[in-house]
2 protein chains.
Amino acid sequence: MNSPAEQRATTPERFFNAINSYQLTEALKSAVELDVFTAVGEGNTTAATIAERCHASERGIRILCDFLTIHNFLTKQGTTYALSADSAVFLDRHSPAYAGSAIEFLLTPRLRDCHAHLADAVRGGGTALGEGMLAPENPDWVRYAHGMMPMARRPAEIIAAELRREAEVHKVLDIAASHGLFGISVARQNPTAHIYASDWKNVLEVAKKNADAMGVGDRYHVIAGSAFETDFGNGYDLALITNILHGFDIPTCTKLMRKVHFALNPGGRAAILEYLPNADRVSPPTAAAFSLTMLAATPSGDAYTFAELEGMSKAAGFTRVELSPAELGRNRLVIAYR
Amino acid sequence: MNSPAEQRATTPERFFNAINSYQLTEALKSAVELDVFTAVGEGNTTAATIAERCHASERGIRILCDFLTIHNFLTKQGTTYALSADSAVFLDRHSPAYAGSAIEFLLTPRLRDCHAHLADAVRGGGTALGEGMLAPENPDWVRYAHGMMPMARRPAEIIAAELRREAEVHKVLDIAASHGLFGISVARQNPTAHIYASDWKNVLEVAKKNADAMGVGDRYHVIAGSAFETDFGNGYDLALITNILHGFDIPTCTKLMRKVHFALNPGGRAAILEYLPNADRVSPPTAAAFSLTMLAATPSGDAYTFAELEGMSKAAGFTRVELSPAELGRNRLVIAYR
């Protein structure tokens, strides 16, 4: 129970603001679609000039830009707007690190629809929409490959360097390759390495195009189909397992890790990139919160703790599992040794 | 431009989290619908017991409760959840200040649909959906009257006391009466006062019922229809103008204030309850952010500054306009004197 003093200090404001937080989603989506951040970056800094550049009304732009200022995506001095530091790097289309395209995946109708049925997912213990995001050949994963690629550039380079530091590799399996950047970065840091990329056929077209564009197409091979059903072959010294395990339950993940274990040479490594909540499952916030997305959007996925990933890996035959200190934003790198 | 040091410190995380913020809306909505907070308040503190009480899966409840913990609506020790101070007061159905019903209005489909078309609203300078929330007899205002009533109790009492302190009143016009609490509170603090409540017919049924239940039904009268078109009569010494001006542009508000001015006795007061952004229009955050809701949901509404409300009032003939120091959460009280 709360003391009377605590009760006086309580307020429904936080609840109201949280209920209204979908408005922040819509405001940012609108700003990206209207290219407001690019307009400001180009030197249009008043509602009137931004509106002209974005083919919108001055009144609408003024209200939207004030809202973006309240949420620290813009700054405002008098009636002059400017980009916040984050927005300049990630939301101005002229920036090499532009990440606005992420909305193509993050706000794809299927994913939003999954969350619109969240109460049913809580009742049933998994997505209320059939296979959710895991439907075979789901075109959302093509959107993911396009939209999330800019976000993967830096982590992919860090991970490739981290793995190269320990040993050069020659034959690499890249499971859930998506845009291909993780495998491609390994190929670029290991001049003799051949990459075998596993993903849905429609997604691998994006990966292959990127491999060609980044000069490693002649060492890039594709294995189209479900990672649970296709034949990986064997003789690998490295397997990249990036952002796939969270989509499945522990027995299914263990099955996949067993398949990877079989495909690896003795001494080979499985590099797992994952959201990694602490054992309390409520920290760090972004990694822990990702469980909700998996509840909404998959039949039985989850954000797994290190102990859980270690457990799956060991159950699959791996002898040693280590947490890499690499700083990768919302994700962490776990390495399992055969 | 940012210095290299600043660029290193930037991260797309804030953008990603903001884009995903609709998930917080869905999670809180689900928790209220499943009555999770009430379940925890009743002493069900593990995922298993909460799940049983809420007729949901243990896995779904565990993930939802972790998410609510990350956002400080619950706390967690080991595997035991408890209500945060705010949640105990406002989200437990057994609490007299229960505010969960607010989602009936705040997340009404029309309002969400307005925001789903926000980019079009920015382009056009007003709601993309016809009259938006201002459609005549819009049943959402009945939802508002029911859902937001608990939130109005304390502000209504504070405002009535504040107004009573200055002078007793006898004939009171309550424009946009909604649940009626503002007028009813005035009636209770002014034993001879008769209240004339203006709102849509469907909404006034709620207000009249509340007036009867709160013992002032014999002094409660209704004026059904648009506040811009109905005949208010005259001889009032107080007009309550609560949360209506933000729905309209300045000329329309001025017209309404002129109508109120005409209905008031000399020396009469108009008490305006409003979101009141500072002149910078980006603070305080909740009041300033409300402009976006008006852009999305009305043809030409806005959150007005004190100077703007003062301007409308004086243009309508009021001689003096003052800001009350009363603490009313997200709203402020402005008093215009005839």
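In the text below, chain A, chain B and the rest are named by the order of the sequence lines, each starting its count at 1.
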Bottom line for B/V36: the part with an atom under 4.5 Å from chain A's heavy atoms is neither
Working to the nearest 0.5 Å, report the span between CD1 of A/I70 and CZ of B/F290.
-> 12.5 Å
Heavy-atom check, side chain of B/V122 versus side chain of A/E33, under 4.5 Å | no
With a 4.5 Å heavy-atom cut-off, do A/Q23 and B/T25 have their side chains touching?
-> no
Greatest number of heavy atom pairs closer than 4.5 Å to chain B - which of A/G301, A/S283, A/G126 | A/G301
Rounded to the nearest 0.5 angstrom, the CD1-CE distance for A/I63 and B/M294 is 9.5 Å
What is the distance from atom OG1 of B/T293 to atom CZ of A/F67, rounded to the nearest 0.5 Å?
-> 7.5 Å
What part of B/D120 is in contact with chain A, defined as an atom under 4.5 angstrom from a non-hydrogen atom: side chain, backbone, both or neither?
-> neither
When heavy-atom pairs shorter than 4.5 Å are enumerated against chain B, which of A/V32, A/T79, A/L91, A/N20 gives the highest number?
-> A/L91
Honestly, the part of A/L34 sitting under 4.5 Å from a heavy atom of chain B is side chain
Separation between CD (A/E26) and NE2 (B/H115), nearest 0.5 Å, reads 8.0 Å
Between A/A18 and B/L24, which heavy-atom pair has the shortest distance, and what is it?
-> CB-CD2, 3.8 Å
Rounded distance (nearest 0.5 Å) linking atom OG1 of B/T11 with atom CE of A/M151 | 9.0 Å
With respect to B/D66, which candidate in A/L292, A/D280, A/V282, A/L295 satisfies the side chain to side chain contact (heavy atoms under 4.5 Å, CB included) definition?
-> A/V282
For A/S21 and B/S21, indicate whether the former's side chain and the latter's backbone hold a donor-acceptor pair under 3.5 Å.
-> yes
A/N17 and B/R330 have their tightest heavy-atom pair at OD1-NH2, 3.3 Å
Where does B/R112 contact chain A at under 4.5 Å (heavy atoms): side chain, backbone, both or neither?
-> both
Could you tell me which of B/S300, B/C65, B/A102 has the largest number of non-hydrogen atom pairs under 4.5 Å with chain A?
-> B/S300
Region of A/A27 in contact with chain B, defined by heavy-atom distances below 4.5 Å = both
Pairs of heavy atoms under 4.5 Å with chain B: top-ranked of A/K29, A/Q77, A/K76, A/E13 = A/E13
Heavy-atom proximity to chain A below 4.5 Å, by part of B/L107 | side chain
Where is the tightest heavy-atom contact between B/S30 and A/L118, given as atom of each residue plus distance?
-> OG-CB, 3.5 Å
Side chain, backbone, both or neither: which part of B/H71 has a heavy atom under 4.5 Å from chain A?
-> backbone
Within residues 49-59 of chain A, which positions have a heavy-atom distance to chain B below 4.5 Å?
-> A/H55, A/A56, A/S57, A/R59
Is any side-chain heavy atom of A/Y22 less than 4.5 Å from a side-chain heavy atom of B/L111?
-> yes
Give, as side chain, backbone, both or neither, the part of B/A289 having an atom under 4.5 angstrom from any heavy atom of chain A.
-> both
Side chains of B/I103 and A/F15: closer than 4.5 Å at any heavy-atom pair?
-> yes
Okay, side chain of B/R281, backbone of A/R62: is any donor-acceptor separation there less than 3.5 Å?
-> no
